[in-house]
Amino acid sequence: MTETIKAGAPPTHPLRQLLAASVGNAVEWYDWYAYTFLATYIADQVFPKGADNSLVPLLATFAVFAVGFFMRPVGGLLMGAVADRRGRRAALTVTILLMGGSSLLVGITPTYASVGVLAPIVLVLARLLQGLSVGGEFAASTTFLVESAGPGRRGLFSSFQYVSTSIGQLIASGVAAVLVATLAEGQMDGWGWRVPFLAGAVLSLVGFWIRQGAQETRSEAHERPGLFDALRQYPRQSLLICGITAGGTLAYYTWTSYLPTYAELNTDIDKSQALTVGTISLAFFALLQPVGGMLSDRFGRKPLLLFFGLGFALLSVPLLHSLTGSFASLLFAQCAGMVLLTGFTSISAAVNAEVFPARVRAAGIGFPYSLTVALFGGTAPYMGTLFKDLGHSGLFPWYVAVLCLVSSVVYLRLPESAHRELDR
């Protein structure tokens with residue numbers, strides 16, 4: 001029988017809770033980000049080249065990246081409902097298995113040269129399944145982490161959402177960098193890009209096994225809500241999640257996923273150097289998260305959110321325009337952005353969980369959060385590449401700055417929730 005945390009009580013095994021959420025989440029995001037880091041190789045193999053434009057395959061690859069994001073709201077709603085009705089652990093089990101299956105599908109996707117249009121169809125199907133899984137993962141693991149925290153530690157526990165996400169991304173970046181550095185160009189194009197996805201399918205089974213020992217945080221006394229109860233009963237809270245997330249998700253995916261590609265497109269930096277910078281900055285970012293979480297537990301959520309929002313509104317354009325093609329300029333821009341970004345990422349899970357009551361918390365977070373990520377985070381690589389294709393690459397930094405300013409207005413009006421008791 002699954003062990004359940006009693007309503008209002010701290011977890012019996014908090015470290016085990018962190019491990020169960022973090023390991024599975026790291027595996028989920030390793031699979032998700034491997035696609036981003038290997039986008040240029042996938043583009044060459046799965047999509048036909050345009051006769052007059054070499055960016056066509058890359059644009060198509062990032063369009064599929066965005067398609068996966070648009071399944072995330074569905075995953076957030078469905079898996080969030082599973083978490084609210086059947087328990088957080090049940091939803092976490094489903095999401096890790098879905099991700100393993102979709103990662104395997106990417107790894108065995110045929111090339112356009114061998115099967116024609118069937119190749120991009122298979123890739124789209126895999127990304128749809130990945131989007132469903134990742135949307136559900138955030139809804140369930142966010143709720144699970146924050147509900148597992150003891151008094152005064154919700155920010156700290158919340159920070160492990162992005163610690164584990166960064167670890168997964170870091171592993172994906174590291175694997176990609178090693179493959180690019182060690183394999184010949186023909187080997188990387190031919191079979192090397194498939195290796196990370198096949199490995200991800202195996203790692204998903206490890207995450208599944210670890211999550212079987214998790215302690216359930218959903219109270220058995222809660223009634224089982226309807227699929228749309230959170231949206232119908234808490235429309236204001238749903239819109240609030242969108243406003244909180246919009247600037248953060250655009251900045252996050254720009255700085256942690258797209259920046260190496262942005263630097264390649266707009267400067268003459270070498271591809272392997274860009275991947276190396278991404279790996280170093282992600283390690284730095286992961287170390288910052290618990291610091292941000294602990295600061296928010298002591299001083300509140302709003303100061304950190306405003307540090308992020310106003311910081312990016314003022315500095316996005318100077319940082320992105322400072323890229324010169326050198327290793328040092330990219331490392332500085334990416335690490336400086338990571339410091340600012342920590343004000344959002346380290347406490348995003350706690351802020352979201354504190355908005356909704358326990359009965360509809362997972363679905364209440366999952367749908368509006370994932371929809372906003374799909375609209376602004378998932379389209380960040382595509383928008384950046386499109387601006388470049390249209391000859392206006394300098395507008396993309398302004399796009400990031402304006403959206404972060406809009407979210408800052410929301411943060412100013414947000415009630416402080418750090419020291420309130422969490423509804424269980």
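Atom set for the values below is all heavy atoms of this structure, side chains included, hydrogens, waters and symmetry mates excluded. In this text the structure is predicted, and so the values were computed from the model without any measurement.
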Under 3.5 Å, side chain of Thr93 to main-chain N/O of Arg89, donor-acceptor pair present? yes

Heavy-atom pair of closest approach, residues Arg154 and Ala350: O-CB, 3.9 Å

Pairwise distance CG(Leu282) to CD1(Ile171) - rounded to 0.5 angstrom: 11.0 Å

In chain order, what residues pass the salt bridge (charged side-chain N to carboxylate O under 4.0 Å, His left out) check against Arg153, with sequence neighbours excluded? none

Quick one: which of Val46, Leu38, Leu123 gives a side chain to side chain contact (heavy atoms under 4.5 Å, CB included) with Val106? Leu123

Are Pro196 and Leu179 side-chain neighbours, meaning at least one heavy-atom pair lies under 4.5 Å? yes

Counting distance only, does the side-chain N/O of Ser281 pair as donor-acceptor with the main-chain N or O of Gly278 below 3.5 Å? yes

So, Tyr411 side chain and Gly309 main chain: donor-acceptor pair closer than 3.5 Å or not? no

Ser159: partners by side-chain hydrogen bond (donor to acceptor under 3.5 Å, both in side chains), with sequence neighbours left out: none

Phe312 vs Leu341 side-chain heavy atoms within contact, under 4.5 Å: yes

Using 0.5 Å steps for rounding, measure from the CG atom of Leu203 to the CG atom of Leu198. 11.0 Å

Over-ring placement of Arg127 relative to Tyr35, 6.0 Å and 45° cut-offs: yes

As an exercise, state the distance from OH of Tyr399 to SG of Cys404, rounded to the nearest 0.5 Å. 10.5 Å

In Å, rounded to the nearest 0.5 Å, how long is the span from CZ of Arg413 to CG of Leu240? 10.5 Å

Quick one: pull up CZ in Phe157 and OG in Ser148 and give me the separation to the nearest 0.5 Å. 6.5 Å

Hey, could you give me each pair passing ring-ring contact (aromatic ring centres under 6.0 Å, His included) that has a residue in residues 328-352? Not counting sequence neighbours. Phe308-Phe344

For the side chain of Tyr253 and the backbone of Thr379, is there at least one donor-acceptor N/O pair under 3.5 Å apart? no

Could you tell me how the ring of Tyr262 sits relative to the ring of Phe396: parallel (under 30°), tilted (30 to 60°) or perpendicular (over 60°)? tilted

Shortest non-hydrogen contact from Leu414 toward Lys302: O-CD, 2.8 Å

Please give me the minimum heavy-atom distance between Ser346 and Leu304, naming the atom from each residue. OG-CD2, 3.9 Å

Trace of the side-chain hydrogen bond (donor to acceptor under 3.5 Å, both in side chains) decision for Arg194 with Gln45: CA-CA 11 Å; Arg194 300 179 184 274; Gln45 297 299 308; 5.9 Å; no

Do any pairs count as a salt bridge (Lys or Arg N to Asp or Glu O under 4.0 Å) and have a residue in residues 164-183, sequence neighbours left out, and if so which ones? none

Can you pull the side chain to side chain donor-acceptor pair (under 3.5 Å) pairs that have at least one residue in residues 282-299, sequence neighbours excluded? Gln289-Thr342, Gln289-Thr345, Ser296-Arg301, Asp297-Arg301

Describe, in one word, how the ring planes of Phe285 and Tyr252 are oriented to each other, choosing from parallel (under 30°), tilted (30 to 60°) and perpendicular (over 60°). tilted

Look at the side chain of Arg361 and the backbone N and O of Phe356, then say whether any donor-acceptor pair between them is shorter than 3.5 Å. yes

Please list, chain by chain and in numerical order, all residues satisfying salt bridge (charged side-chain N to carboxylate O under 4.0 Å, His left out) with Arg86, sequence neighbours excluded. none

Which pair of heavy atoms, one from Ala363 and one from Ala230, lies closest together, and at what distance? C-CB, 4.4 Å

Trp255 side chain to Ala333 main-chain N or O, any donor-acceptor pair under 3.5 Å? yes

So do Leu205 and Ile96 actually touch side chain to side chain, heavy atoms under 4.5 Å? no

Hey, are the side chains of Asp229 and Tyr234 touching, using non-hydrogen atoms and a 4.5 Å cut-off? no

Under 3.5 Å donor-acceptor, Ser133 side chain and Thr95 backbone: yes

Any chance you could measure Leu129, atom CG, to Leu104, atom CG, to the nearest 0.5 Å? 11.0 Å

Under the 3.5 angstrom rule, does the side chain of Ser103 hit a backbone N or O of Phe197 as a donor-acceptor pair? yes

Under 3.5 Å side-chain donor-acceptor pair for Ser102 and Asp31: no

Nearest non-hydrogen partners of Ala401 and Val317, listed with the distance: CB-CG2, 4.4 Å

Looking only at the side chains, is there a donor atom on one of Thr324 and Ser329 sitting less than 3.5 Å from an acceptor on the other? yes

Are Glu354 and Leu422 side-chain neighbours, meaning at least one heavy-atom pair lies under 4.5 Å? yes

So, Gln161 versus Ser348: side-chain donor-acceptor pair below 3.5 Å or not? no

Could Glu137 and Arg211 be called an ion pair, given the rule that one side-chain N must be under 4.0 Å from one carboxylate O? yes

Of all heavy-atom pairs between Leu319 and Gly337, which one has the smallest distance, and what is that distance? CD1-N, 4.2 Å

In the structure I gave you, are the side-chain heavy atoms of Phe138 and Thr165 within less than 4.5 Å of one another anywhere? no

Is it true that the side chains of Arg88 and Gln215 contain a donor and an acceptor less than 3.5 Å apart? no

Between Gln17 and Ala214, is there a donor-acceptor pair closer than 3.5 Å when you use the side chain of the first and the backbone of the second? no

